[in-house]
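Here the structure comes first, spelled out in structure tokens, and everything after it is commentary.
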Amino acid sequence: MHATPEQRAPLPESFYARGALRVARDLLGCVLVRRLGRQLLTGRIVETEAYVGMEDQACHARMGRTRRNAVMFGPPGRAYVYFIYGVHDMLNIVCAPAGRPEAVLVRAIEPVEGIASMRRLRGLVRPTALASGPGKLCRAFAITRRHNGADLRVPPLWVTHGTLQRGERVVRSARIGVEYAGKDADRAWRFYVDGNPNVSRARPARPLRRA
DNA sequence: CTTGAGATGCCCT
DNA sequence: GGGCATCTCAAGA
């Protein structure tokens with residue numbers, strides 16, 4: 001089954017300009033594409049989190065603009081990639097018009113093409129563990145801080161339209177690892193495909209709501 | 001490992 | 001007593 005040109009076309013900037021909450025939901029099922037030399041690595045996005053501007057106490061922009069978070073203040077549809085814990089790169093997508101620092105963290109991907117390369121990049125783990133977390137996915141797709149600011153409509157890294165399959169349901173929960181965020185720690189701003197084995201934490205800590 | 005907030009210290013006027 | 005360079009250190013999805 002081959003993708004049509006339409007399906008392969010990158011999502012336009014307007015898709016990303018609608019605010020992190022809507023975009024986080026709508027990115028589920030869309031396809032991340034990475035060109036590595038002559039090879040394409042692709043996968044369906046199955047888990048995201050919204051980070052919603054300066055008011056959001058979990059958002060990197062909460063203290064205003066700094067050197068690190070500057071790309072969040074720029075145009076939508078760009079990669080905001082940062083390094084954390086001395087170990088992981090994290091891929092975020094800027095999701096509001098310039099000046100509004102909102103972004104979606106891409107947290108898990110279901111590998112589709114280029115799985116052999118992903119295994120090389122990640123080590124020999126279960127296929128469903130190749131990209132089942134924000135740090136893992138950056139490793140599997142060879143995404144690093146060098147991609148910070150990259151336009152996600154052109155190679156080597158872009159996102160194309162995709163849909164959920166029959167029977168796939170979106171659920172939401174609190175975001176992972178934001179306990180420090182006070183009033184915002186419990187907001188249900190994490191979205192994922194219910195039951196998908198590539199999601200980073202299959203078993204939720206708390207009850208879920210249908211999204 | 002990086003970041004940035006806060007502390008500390010230094011020199012100016 | 002303010003502005004700024006430097007340090008220090010906790011915390012980070």
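If you're wondering where the values come from, they're calculated on a predicted model, not measured in any experiment. So that the names make sense, note that chain A is the first sequence line, chain B the second, and so on, each numbered from 1.
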Using whole Å, what does the distance between atom [atom2] of nucleotide [N] and atom [atom1] of [X] come to?
X: A/R62; N: C/dG12; atom1: CZ; atom2: P; result: 8 Å
X: A/H60; N: C/dA11; atom1: NE2; atom2: P; result: 15 Å
X: A/Y180; N: B/dT3; atom1: OH; atom2: P; result: 16 Å
X: A/H88; N: B/dT2; atom1: NE2; atom2: P; result: 14 Å
X: A/I84; N: B/dT2; atom1: CD1; atom2: P; result: 13 Å
X: A/M90; N: B/dC1; atom1: CE; atom2: P; result: 16 Å
X: A/Y51; N: C/dG12; atom1: OH; atom2: P; result: 12 Å
X: A/Q57; N: C/dA11; atom1: CD; atom2: C1'; result: 15 Å

I'd like to know if [X] pairs up with [Y] as an ion pair, taking the criterion as any Lys NZ or Arg NE/NH1/NH2 lying under 4.0 Å from an Asp or Glu carboxylate oxygen.
X: A/R175; Y: A/D56; answer: yes
X: A/R44; Y: A/E168; answer: yes
X: A/R78; Y: A/E13; answer: yes

Show your working on side chain to side chain donor-acceptor pair (under 3.5 Å) between A/S200 and A/R107 and close with a plain yes or no. CA-CA 7 Å; A/S200 65; A/R107 284 194 52 93; 2.9 Å; yes
Distances under 3.5 Å between protein N/O atoms and the N/O atoms of nucleotides 3-9 of chain C, please, pair by pair.
none

Lys/Arg cation over aromatic A/F15: A/R18, 6.0 Å, 45° cone: yes
Cationic tip of A/R25 within the cone over A/F191's six-membered ring, i.e. under 6.0 Å and within 45° of the normal? no
Classify [X] by what it touches in the nucleic acid, base, sugar-phosphate, or nothing, heavy-atom distance under 4.0 Å.
X: A/G177; answer: sugar-phosphate
X: A/F83; answer: sugar-phosphate
X: A/R107; answer: base
X: A/R145; answer: sugar-phosphate

Residue pairs passing the side chain to side chain donor-acceptor pair (under 3.5 Å) test with at least one member in residues 128-144 of chain A, sequence neighbours excluded, are A/R126-A/T128, A/S132-A/K136
side-chain N/O A/Y82 vs B/dC1 OP1/OP2, d < 4.0 Å: no
Check the interface with nucleotides 4-7 of chain B: list each N/O to N/O pair with the protein under 3.5 Å, or write none.
| from | atom 1 | to | atom 2 | distance (Å) |
| --- | --- | --- | --- | --- |
| B/dG4 | OP1 | A/T66 | OG1 | 2.2 |

Ring geometry between A/Y80 and A/H60 (parallel below 30°, tilted from 30 to 60°, perpendicular above 60°): perpendicular
If you round to the nearest 0.5 Å, how far is CG of A/L11 from CG of A/L27? 7.0 Å
